[in-house]
Enquirer: 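What follows is a structure written as structure tokens; I'll ask about it next.
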Amino acid sequence: MTSLSGTPPSIHRSKRPEPGGHLYPRPVQDPVLIHADPRFVIIDKPPGMLSVPGKGPDKADCAISRVRSMFPHASGPMVVHRLDMDTSGLLLIALNPASQRELSRQFELRLTSKRYIALLEGSVMHDAGEITVPLRPDIDNRPHQIADFVHGREAITRYRVLSREIDRTRVEFEPITGR
């Protein structure tokens, strides 16, 4: 595995904004190229990096722009799915419109699945379960979501406890709806 810049990944930066108040400072760590195919690539996106460009030129640096610079032949929409800015993990990125359509179709039909591992503070009571809460964007605090039982869209996530420690719980999450 190599980073997209060809240099080894560096230590994760602080999540605090840079001086000047930018909400999305450029991550120190480059994404790591896991797999390259003529139709798509898989990268390991570091925490602190946007998956897609945000609004404004100061938020243009993202996983998609980094992949586009490494694969200049890439065309059309590349986004297949996203990871939250502070979430690290594997990101599948299409390199041509036909691949993007087909891979997006597979996600839409739930022929693919996503899993997240989180280390939570405290103890989770049940060994497994399902979280069902209607969500909508928090317009005052993007890109965060908030529970809204009137205007929110259905969000379903299954969870399973993987291990328990004295004051932490390692949990696997499987988003069903993608929210």
Side-chain angles (χ1 to χ4, degrees), residues 1-36 39-108 112 114 116-118 133-155 157 173 175 177-179:
M1 296 183 291
T2 61
S3 70
L4 293 182
S5 68
T7 59
S10 57
I11 302 299
H12 174 59
R13 65 164 179 78
S14 166
K15 292 182 184 176
R16 293 186 199 146
E18 290 180 327
H22 293 283
L23 296 175
Y24 298 102
R26 179 182 172 92
V28 172
Q29 189 174 0
D30 278 327
V32 176
L33 182 63
I34 302 296
H35 177 80
R39 299 162 294 158
F40 63 87
V41 296
I42 299 171
I43 63 167
D44 187 358
K45 184 190 85 63
M49 176 180 280
L50 293 167
S51 290
V52 298
K55 292 183 180 178
D58 59 323
K59 297 172 198 76
D61 182 40
C62 64
I64 293 294
S65 65
R66 301 263 187 120
V67 169
R68 193 176 296 279
S69 71
M70 288 297 299
F71 297 88
H73 68 279
S75 63
M78 300 170 71
V79 178
V80 176
H81 69 103
R82 302 172 190 204
L83 294 174
D84 289 344
M85 184 181 74
D86 288 328
T87 301
S88 63
L90 299 182
L91 193 60
L92 176 64
I93 300 173
L95 296 178
N96 61 60
S99 295
Q100 192 274 341
R101 277 191 304 275
E102 176 55 24
L103 293 168
S104 293
R105 183 188 72 79
Q106 291 177 29
F107 271 84
E108 185 178 328
T112 59
K114 294 193 256 182
Y116 298 88
I117 306 297
V133 177
L135 298 176
R136 70 164 174 83
D138 182 351
I139 58 173
D140 297 322
N141 193 16
R142 291 190 178 266
H144 295 192
Q145 301 272 319
I146 59 174
D148 185 332
F149 291 89
V150 175
H151 303 290
R153 294 173 60 195
E154 179 183 52
T157 300
F173 292 97
T177 58
R179 282 180 284 287

Enquirer: Do the side chain of Thr157 and the main chain of Phe173 share a donor and acceptor less than 3.5 angstrom apart?
Expert: no

Enquirer: Tell me if a side-chain donor or acceptor on Lys45 pairs with a main-chain N or O of Asp30 at a distance below 3.5 Å.
Expert: no

Enquirer: In the structure I gave you, are the side-chain heavy atoms of Gln145 and Pro137 within less than 4.5 Å of one another anywhere?
Expert: yes

Enquirer: Counting only N and O atoms by type, is there a donor-acceptor contact under 3.5 Å from the side chain of Asp84 to the main-chain atoms of Thr87?
Expert: no

Enquirer: Flag the pair Met78 / Phe40 as yes when at least one side-chain heavy-atom distance between them is below 4.5 Å, and no otherwise.
Expert: no

Enquirer: May I ask you to check whether over 12 heavy atoms, not counting those of Ile117, lie within 6.0 Å of atom CD1?
Expert: yes

Enquirer: Which distance, rounded to the nearest 0.5 Å, do you find between the NE2 of His151 and the CD1 of Ile146?
Expert: 10.0 Å

Enquirer: Find out whether Arg153 and Pro134 are in side-chain contact, i.e. whether some heavy atom of one side chain is under 4.5 Å from a heavy atom of the other.
Expert: no

Enquirer: Could you tell me the separation between the CG atom of Asp138 and the NE2 atom of His144, rounded to the nearest 0.5 Å?
Expert: 8.0 Å

Enquirer: What heavy-atom pair brings Val41 and Ala36 nearest, and what distance separates the two atoms?
Expert: CG1-CA, 4.0 Å

Enquirer: Taking side chain to side chain contact (heavy atoms under 4.5 Å, CB included) as the test, write out the residues that go with Ser65, two or more places apart.
Expert: Asp61, Cys62

Enquirer: Report yes if some heavy atom in the side chain of Ile43 is under 4.5 Å from a heavy atom in the side chain of Val67; otherwise report no.
Expert: yes

Enquirer: Apply side chain to side chain contact (heavy atoms under 4.5 Å, CB included) to His81 and list each qualifying residue two or more places apart in sequence or on a separate chain.
Expert: Leu91, Leu92, Phe107, Lys114

Enquirer: Less than 3.5 Å apart, which donor and acceptor atoms pair up between the side chains of residues 93-102 and the rest of the protein, not counting sequence neighbours?
Expert:
| residue | atom | partner | partner atom | Å |
| --- | --- | --- | --- | --- |
| Asn96 | OD1 | Ala98 | N | 3.2 |
| Asn96 | OD1 | Ser99 | N | 2.7 |
| Asn96 | OD1 | Ser99 | OG | 3.0 |
| Asn96 | ND2 | Ser99 | OG | 3.4 |
| Ser99 | OG | Arg39 | O | 3.4 |
| Gln100 | NE2 | Val79 | O | 2.8 |
| Gln100 | NE2 | Ser104 | OG | 3.0 |
| Glu102 | OE1 | Arg105 | NE | 3.0 |
| Glu102 | OE2 | Arg105 | NH2 | 2.8 |
| Glu102 | OE2 | Gln106 | NE2 | 2.9 |

Enquirer: Hey, could you give me the CG/CD1 distance between Asp44 and Ile42, rounded to the nearest 0.5 Å?
Expert: 11.0 Å

Enquirer: Between Ser88 and Pro47, what is the shortest heavy-atom contact and its length?
Expert: CB-CD, 3.5 Å

Enquirer: Say you draw a straight line from CG of Leu103 to OG1 of Thr112; how long is it, rounded to the nearest 0.5 Å?
Expert: 8.5 Å

Enquirer: Which heavy atom of Met49 sits nearest to which heavy atom of Pro31, and what is that distance?
Expert: CE-CD, 3.6 Å

